[in-house]
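Heads up, the thing below is written out as structure tokens.
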2 protein chains.
Amino acid sequence: MGVLEKIKKARVAAPVAAVELPLDQILQRDCIAAMRDLPAASIDMIFADPPYNLQLGGDLSRPDGSHVDAVTDDWDKFDSLSVYDKFTREWLAEAKRILKPNGAIWVIGSYHNIFKVGSAIQDLGFWILNDVVWRKSNPMPNFKGTRFTNAHETLIWASMGEKARYTFNYRSMKTLNDELQMRSDWEFPVCGGPERLKKDGVKVHPTQKPEALLYRILLACTKPGDVVLDPFFGTGTTGAVAKRLGRHWIGIEREDDYVAAARERIDAALPLDESALTTMQSPKSAPKVAFGVLVENGYLTPGVVLTDARRKHRALVRADGSLESVCGQTGSIHKLGSLLQNAPACNGWTFWHHDGPDGLKPIDTLRQTYLLATQP
Amino acid sequence: MGVLEKIKKARVAAPVAAVELPLDQILQRDCIAAMRDLPAASIDMIFADPPYNLQLGGDLSRPDGSHVDAVTDDWDKFDSLSVYDKFTREWLAEAKRILKPNGAIWVIGSYHNIFKVGSAIQDLGFWILNDVVWRKSNPMPNFKGTRFTNAHETLIWASMGEKARYTFNYRSMKTLNDELQMRSDWEFPVCGGPERLKKDGVKVHPTQKPEALLYRILLACTKPGDVVLDPFFGTGTTGAVAKRLGRHWIGIEREDDYVAAARERIDAALPLDESALTTMQSPKSAPKVAFGVLVENGYLTPGVVLTDARRKHRALVRADGSLESVCGQTGSIHKLGSLLQNAPACNGWTFWHHDGPDGLKPIDTLRQTYLLATQP
DNA sequence: ACGATAGTTGAATCTCATG
DNA sequence: ACATGAGATTCAACTATCG
């Protein structure tokens, strides 16, 4: 994109989002109606925890006779599967409309509704990126011994389309998981203890989600300052975590009790300060250093010989930062690496090594040294 | 059910199944056509591992340049999502017809197809009893760092309808799981080692399922002598396990190579005696806690300062569980510990301390507290 | 024989900025 | 829209080789 186009885009798109969005507010309205009034292509991420359509039969009691406080609220009653299906497709269609082209959606559900949700997501042209399993460390047992303990819920993460871009803070997730890639199965306890909102000793909301779950989702898939919409806000877990993490939020919720509890909760939430908010950056977004710059600055002298880790391949550094192999092939550190290995691609920074004071080291260490010396 | 009704049922139903079913055989035909020729209400359980419709893009290579052997077989290619949807509904409708009223179906899939499958299952009047997650202990990583590691697959277990009865061997499952209710998340390694069928050193089938998975399913949801149908038989994992467990099986498979491998495999399988059944046990994964999990769960707040035991080094906790030193170095608790000490390695859990109510404590104590609070 | 080390592999929707 | 080139990117389990 040229500079001119960038300016054009900024002129057209920016004011819409800045002026009209009800940032950091709860809209106390019907979910679909409220979404209809939001401008198109204005939201960075949607997190949705829609009604599960649980279809519970009669009352459920534990083996000791005590009553299980199930989800029997009116908002979870749908006359039939097809009514639920229609409702799902309606709110998802609005979600698609108001998301930015590079936005993304997360939806959580159980086996009662998640297949209908996922199917609708695909039919609407969203592109599923992962399904993620929330493994509950302390699920409610199956009191009757009739099935497997229902010990997990499923989340779907989808972008706007097959070719659409999306935000994924890969490094942050890897750091969060002790330097291993974050997997698609996450373990958290169900929401309880002091985190669980109560009024007169009774839980305010039947399905309050743990903040840890939202923390991981927002950290992984949004940037500071992004706008996160939760169309089924409940008691505002999404809002509370978004505020802590320096993201804007919009909540839609009808019920008085939930709205009141959410407001109180979010007001009390404390944003993290800037330095704590900083996360491990992917080298992608870190400043780029060209290999030639290291040569220019004397970190490597033209004429020096680089080798791979096993000293199988050798190449000469030339004045312009290109390499030359023994057999006369030339190219950038990446190109020559892939040529010599006969591989489709090669990261020259980690492939090529030089003889330093402490033995054979990847040239990437020189880049790190250079960055430390030059970055503020 | 009264005695009279039982006799009536036996008179009418039993001969049909006994005479016409091609027990313990592979039908080398198209899946839907072969099912059409099976009598109605004759099968106790169906296990199905249909094509996932992966829709892979171009080639994929590992960071070391090696090539990833993807599923590119014709049987996984469909022209569009709606064609796949239609195919799914067709074979599921036949499945519903041939299952006994008290029968059940299991289907395995990934996020590519499982939502379409689950949605069709519900529309056809099946009643979902559980969704079960197969957590892979050794999944293929996400080589490009673009998403979460796709570390699980999903299974759906459904009965013939809301009021239908079904087989669930609750006690067997509880025994198998060290006297704890079996949960809906199961951990197995992917199929490999000696179990993985090979011909001339090459895997026979790209997606052979582990026998442990089928073992648990058949043990949980069938009785000895039951008839289990697998409409996507592949190399016959279902048949081999059914034979071991004393269940009848029927397999449907088109490909010559798969059929030949399955025949040989099942012929070699040995039925277990009773005592052998009780020795199987579930692998219990040791609880691992990443440092970031403590941050997510509020055991440490981003912004808090950690020090070593002598308060010589200081570091700031950031939102993703990484640390930042006074001089701007960053990394995981282990990495930064080794950097600051100029040591080759460091156990961050014992190196870093925080100021707790009882003075300076290693952060490992927080991990212990977390484990106590969350492990059953 | 046994331990250490290197090599291989598994249902995968797997880059992005620039021109 | 498509081509180009820089450069970022992997975990656990099993198998083969070597000393």
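Hydrogens, waters and symmetry mates are skipped; everything else that's a heavy atom, side chains included, is used. None of these values were measured; they are calculated from a predicted model. Residue numbers begin at 1 in each chain, while the letters A, B, ... track the order of the sequences.
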Non-hydrogen side-chain atoms of A:P362 and A:H353 separated by less than 4.5 Å = yes
Could you give the CE-to-P distance, from A:M173 to D:dC11, as a whole number of Å?
-> 15 Å
Does a nitrogen or oxygen in the side chain of A:H334 sit under 4.0 Å from OP1 or OP2 of D:dA6?
-> no
In whole angstrom, give me the gap between the C1' atoms of D:dT10 and C:dT9.
-> 12 Å
pair_partner(C:dG7), Watson-Crick or wobble, both distances < 3.5 Å, evaluates to D:dC14
Whether B:F87 and B:Y84 hold their rings parallel, tilted or perpendicular, with breakpoints at 30° and 60° | tilted
With P as the reference atom in both, quote the distance from D:dG5 to C:dC14 in angstrom, rounded to an integer.
-> 23 Å
In D:dT15, glycosidic geometry as syn within 90° of 0 or anti otherwise | anti
Counting any heavy atom closer than 4.0 Å, what does B:G192 reach on the DNA or RNA strands: base, sugar-phosphate only, or nothing?
-> nothing
For atom C1', what is the distance between D:dG7 and C:dT13, given to the nearest Å?
-> 23 Å
Determine the interatomic distance between C1' on D:dT15 and the same-named atom on C:dA11; round to the nearest Å.
-> 23 Å
Enclosure of B:E264 CD (heavy-atom neighbours >12, cutoff 6.0 Å) = no
Complementary nucleotide for C:dT13 - Watson-Crick or wobble, under 3.5 Å = none
Separation of A:I363 atom CD1 from D:dG7 atom C1', in whole Å?
-> 11 Å
note: A:R183, atom CZ; D:dA12, atom C1'; distance rounded to Å ~ 10 Å
Under the 3.5 angstrom rule, does the side chain of B:N138 hit a backbone N or O of B:V190 as a donor-acceptor pair?
-> yes
Closest nucleotide of DNA chain D for A:G348 versus for A:Y170: which of these residues is on the 5' side?
-> A:G348
Heavy-atom side-chain contact between B:I156 and B:I105 under 4.5 Å | no
Side-chain (A:Q341) to main-chain (A:C346) donor-acceptor, under 3.5 angstrom | no
So what's D:dA3 paired with, Watson-Crick or G-U wobble, going by both distances under 3.5 Å?
-> C:dT18
Find the distance A:D178:CG to D:dT10:C1' and express it as a whole number of Å.
-> 17 Å
Just call it for A:S332: base, sugar-phosphate, or nothing, with non-hydrogen atoms closer than 4.0 Å on any strand.
-> sugar-phosphate
Protein-to-nucleotide contact annotation, 5' to 3' order, nucleotides 7-14 of chain C [B base; S sugar-phosphate only; - none; under 4.0 Å, heavy atom] | S-BBBBBB
Should A:K174 be listed as having a side-chain N or O under 4.0 Å from OP1 or OP2 of D:dT9?
-> no
